[in-house]
Structures are given as C-alpha cells and as structure tokens.
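The structure appears below as structure tokens.
Atom set for the values below is all heavy atoms of this structure, side chains included, hydrogens, waters and symmetry mates excluded. So you know, we letter chains A, B, ... as the sequences are listed, proteins then strands, and number each from 1. Keep in mind that this is a model prediction, so the values were computed, not measured.
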Amino acid sequence: MTFTRKAIISGVAETAIGELPGSTCLGLHAEAAAAALADAGLGYGDIDGVLCAYSFVAPYPMLSSVFCEHVGIRPAVTFAIQVGGASAATMIMQAAALVEAGYCRHVLCVTGDNRVSGLSRDGAVAALAAFGHPEFEQPYGISIPAAYALVARRYMHETGATLEHLAAIAVEHRRHAARHPKAQMRKPITLDEVMASRVIASPLRLFDCCLISDGGAAVIVSAAETAADLRKPGIRLLGAGQGHTHEHLVAAPSLTDFGCKQAAARAFSQAGLKPTDVDVAEIYDSFTITLLVELESIGFFAKGEAGPAAASGALGLGGSLPCNTHGGLLSFGHSGAAGGMFHAVEAVRQLRGEAEARQVAGAEIAFVHGDGGILSAHCSLVMGRG
Amino acid sequence: MSDAKPLPRPNAETKPYWDAASKGELLYRHCPACGHAQFPPRDICAACHRPGTEWGKASGRGTVHSFTVVHRAPSAVFKSETPYVIALIDCAEGFRIMTNLRGEGVAAKAGVGRGVRIVFEATHDPAIKLPQAVLEE
C-alpha cells in the first residue's frame, strides 16, 4: 500500500549545546520553540498542536501542559511522549499523523533538558540507571553504559566487530562535530586516543559513550497546504515507522537483532525507497555500538560490515553514507529527548542545503532514526527535499 | 542519597521468587499451554498471552550470554565495588537473568559461553538474597 504523506517540516532549531549555567528545562524548551517558529516564519498563534517528551531535571507528570502554560499558549491538541531516545522521531511521526488526520495545521515538537547544570554528570548517570529493571537489573549495579556494553560484547562475539571498528565511529563523529559551530566537542581525536581512553564498562570506553549536555531542540510539522505561509520550502516526511521488542535488557529477545529493522522497513516501505536511496543519515548514536548495530540491522551494511566501512571512512562527509554530520550524541551533544531531535534538525538542514561546511552535496533523501531504552523502542523517518 | 544498594521491592507477582531466593532456590515461570519459560516472573505468558504461567524450580545451571566489567558505577554505593562484573545468564531451563559474576579474578576469567552456577548472596536486608553467578571450573 502506498500512502501519500501530506505533512512537511516547516521549522527547525536548537539552542546552544553544552554546559549552560543558568539554563532550565522549560527555558530551553521555550528558546528552542521560539527559534523554530522564527525559522518557519510562524507565530505562537499559528501553533495548534504541541508535543513534548520528558525531563529528568524537572520530571513533571504533564510536561506538554506545563510547557504550554509556561509560554502562554492554548493549543487544540497537546500531550507528552515517552519512548526514551526514540521520543523525538516518534513526536515527528505523531505530529504528521495529527496534521494528516486534520486535527492540526502546525504542530510544535519541542524537547530540552539541562542535564549537566541541573543534575551534574554523576546525577545524570544515576538518574539514567532508572531505565534498568528495579527488581531484576538495578540491584546488580546496572547503568546505561553497562547495558549497552552487554550488547556490545555479544554483538562483537557474533559478528566479529572489533574495538577498532567502534573507535573509528567515535573518531568520525568528532570529525563531523568539528564542522558544526554549536557542537559541544570539536577537538579532533585519534584512533589511539579512543583506544587508550578509560574503560567505562568493558568493552566500551569513554569515547564510545555519548556526551551529557544542556540543550534544547524543536521541529515544527505543518500541513503541506500551508506552504505559502512559510518562510522556507517544506521538507517532506516521506515515511515513518516504529519497531518494539522489549524495554529491559534482561527481557530482550536478542542482543543482536532489534526493532530498528522493522522500524526502518516500515518507514522505507511507506516512502517507496530503500537504504541505497539515502544521501545522508542521522542515526541515534548513544554509544558507538548503538550506531554499529543500527547501521547493520537497518540494512545500510551487511552484518559484520559496518565496522570495516566506518574504519574506511564510509560514514564521513565524502563517504558512501555520510552519517551524523552534526557529530551526533557522541560529539555534538545529548540532552535527553533533545538528543534525538538534534538528528532530525540536522537532516532538515542537510535537505535544505543549509549545512554549510558539513553539507552533503545535493542531498535529497535523509534518514533519521531514534532508539530508546536499550535498543528497545525504535522510530525511523525518511525525509525528502521538495 | 542512601548508602545502601538498591534492593528489590517484591510485588504480588514476584514475591515467591524472592522468598525462594532467600532460601537458596531459583524459581522461574513457565507456561503450561505453550511451554514458554520466561523472566521476569509474571502471570501472563509473553509468548501466547494466556494467563496462568506456573512456577518451576530451576537447576541453577547456565551459561554466560554476555558480560561487562563495570568501571564507572551508576551511584556511590556501587563505586566502592568497581570493577565488578554484570552478566546475562542463559539458564538451562530457557530463561535469561541478570546477575553479577562473583569469584576471585572473575573479571579476567569471564567469557561468553562459559558455564555458571547460581549462588545466593546475602544483602543488608535479611529477607532478601540476590541470585548471583559463579563460573564453573
């Protein structure tokens, strides 16, 4: 079944990223929203749908209502979405559904958190351990890096992926980040530096792990028929899909086969496209292993081939699949649900030709993917220019 | 922040598991209708979705599906134990649990596929013992 999608992305923005003393969760939301509205050429009064995710620093039970109260808007539709790192892509998928069903004309998807200034790095690591099962994982000292390390060990065991492959991914992300003026970590790193960095949870080392950042990001999804009211040409959402297999790692059916496969297959099927059609990919990279698994499961590379490809530069700006051109969670920044939104913002910039020093020449099709939990919840988006 | 490790707070579905663990037995749920063995314990069968899974007693034998040596702990209470090993254990009866791997020098000896047996470790709560794994020689 082909389905002609009628939603476009009309505005994108992110705040400053990094350690932002004085920032607040709601303030970052408001700043990102205002910037996305300006990008789209819309005002608060045009927004009739608002989707938010969640905050660890300010864990409101109704964040979207709190945000609307904070900025003083009364949308026709608002609710919050919680699927961890898959939240941002899921918000965009849901916003498109609201627009296409006729409930809304302009849906603001807004995320942000001040995890560094609001929690400290230790506090953020401790809060994130709550993803572990309270009875059957947390008593054993599980952390998010330890959970992904368990995936990494098994994945390496089964596919032959190596520490050097993972390190190559970290090095390429830093190279990408160096081209983005807002990236949190822009100083180039070498393979040797990654390999020599301290072990966090073996086999993962410091540079295999994403950053912890303050920051916010927003994307506005609009009805295609509003194009004439917008400041910039809309980016089309060609396909969206999800895949879900578990939440807790202890209940995962496999440590090498995850829902990203189904999510991407559904999104590509809806778009009538395949992985080889993609010009630029912005894929969730909470850890180097996360990206490696997703690249292979989604079908960009055969199993066991993403590592060698990364090592040979395939994910670089001039490579066969430029990936995470903003630097990703590994080097651009990661502030909760906004982390996944950064990937979507970058995809739109690439398709608009606004990516400056990191522009993929002639990019027409972009793929965005978010993963939440321990490769538990997945959402893929396929976007197209014009 | 508490100095004590986070301990399980059993609920109605999991209390028999923890009661048995405190007596040195490992229980799991299996489905009389389809034979599926599952963990964490719950009444509904996650394979065929029928209610009425039943308790079974596990042998305590298994193999290491994966493991990690944790150097950066999630909280202060675990920091004093670093480096410690977390493993996913494929139990002989077909369900998977998470444990620590215990034993002298285990971080260097652990390996995917290594045989383990489950032991039960006292905690600061006399009512709770944690299933843990040790490598078979």
Side-chain angles (χ1 to χ4, degrees), chain A residues 119-160 197-206 208-209 212 245-256 287 289 374, chain B residues 1 4-11 13-15 17-18 38-42 46-47 64-90 95-101 107-108 110-113 121 123 125 128-133:
Chain A
L119 286 176
S120 80
R121 285 192 169 78
D122 278 352
V125 170
L128 281 159
F131 277 90
H133 195 296
E135 278 187 72
F136 300 108
E137 295 181 339
Q138 289 183 37
Y140 299 101
I142 193 72
S143 63
I144 292 265
Y148 275 88
L150 288 164
V151 173
R153 175 92 58 196
R154 185 72 197 186
Y155 202 84
M156 292 164 76
H157 177 77
E158 288 192 24
T159 68
S197 65
R198 64 190 165 89
V199 176
I200 300 296
S202 70
L204 300 180
R205 290 143 310 173
L206 180 67
D208 290 305
C209 304
I212 298 175
T245 50
H246 64 282
E247 205 279 300
H248 302 109
L249 190 63
V250 76
S254 165
L255 262 56
T256 55
F287 297 89
I289 186 64
I374 314 301
Chain B
M1 191 167 282
K5 279 194 196 176
L7 286 185
R9 293 197 296 174
N11 63 32
E13 282 191 306
T14 62
K15 190 169 183 301
Y17 174 89
W18 293 110
Q38 68 181 17
F39 192 84
R42 54 216 190 262
V64 174
H65 187 76
S66 190
F67 72 97
T68 177
V69 184
V70 179
H71 292 262
R72 171 69 154 96
S75 59
V77 61
F78 284 107
K79 199 169 279 181
S80 62
E81 297 197 0
T82 55
Y84 58 91
V85 184
I86 299 177
L88 289 168
I89 305 298
D90 286 334
F95 64 100
R96 184 177 296 160
I97 65 173
M98 181 177 287
T99 67
N100 298 121
L101 282 185
V112 171
E121 185 177 88
T123 68
D125 178 348
I128 297 283
K129 283 187 180 174
L130 285 180
Q132 298 286 21

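Only the side chain of A/Ala129 comes within contact range of chain B, judged by heavy atoms closer than 4.5 Å. B/Ala87 touches chain A through its backbone: at least one of N, CA, C or O sits under 4.5 Å from a heavy atom, while the side chain does not. For B/Pro83, no part sits under 4.5 Å from any heavy atom of chain A, backbone or side chain.
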Under the side-chain contact (heavy atoms from CB on, under 4.5 Å) rule, what do B/Leu88 and A/Leu255 come out as? Steps first, then yes or no, please. CA-CA 10 Å; B/Leu88 289 168; A/Leu255 262 56; 3.6 Å; yes
Just do the side-chain contact (heavy atoms from CB on, under 4.5 Å) check on A/Ile200 and B/His71 with the steps written out, would you? CA-CA 5 Å; A/Ile200 300 296; B/His71 292 262; over 6 Å; no
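When atom types are taken as modelled, the side chain of B/Ser66 and the backbone of A/Leu150 share a donor-acceptor pair closer than 3.5 angstrom. Not one N or O on the side chain of B/Arg96 forms a donor-acceptor pair closer than 3.5 Å with the backbone of A/Val250. With hydrogens and angles ignored, the 3.5 Å screen pairs a side-chain donor or acceptor of B/Thr68 with a backbone N or O of A/Ser202.
If you take CZ on B/Phe78 and CD on A/Gln138, they are separated by 8.5 Å, rounding to the nearest 0.5 Å.
Ring geometry for A/Phe136 against B/Tyr17 counts as perpendicular: the plane angle is over 60°, on a 0 to 90° scale with 30° as the lower cut.
Of all the listed residues (B/Arg72, B/Arg9, B/Gln132), the one sharing the greatest number of non-hydrogen pairs under 4.5 Å with chain A is B/Arg72. With chain A as the partner, the residue from B/Val85, B/Ile128, B/Leu130 showing the most heavy-atom pairs under 4.5 Å is B/Leu130.
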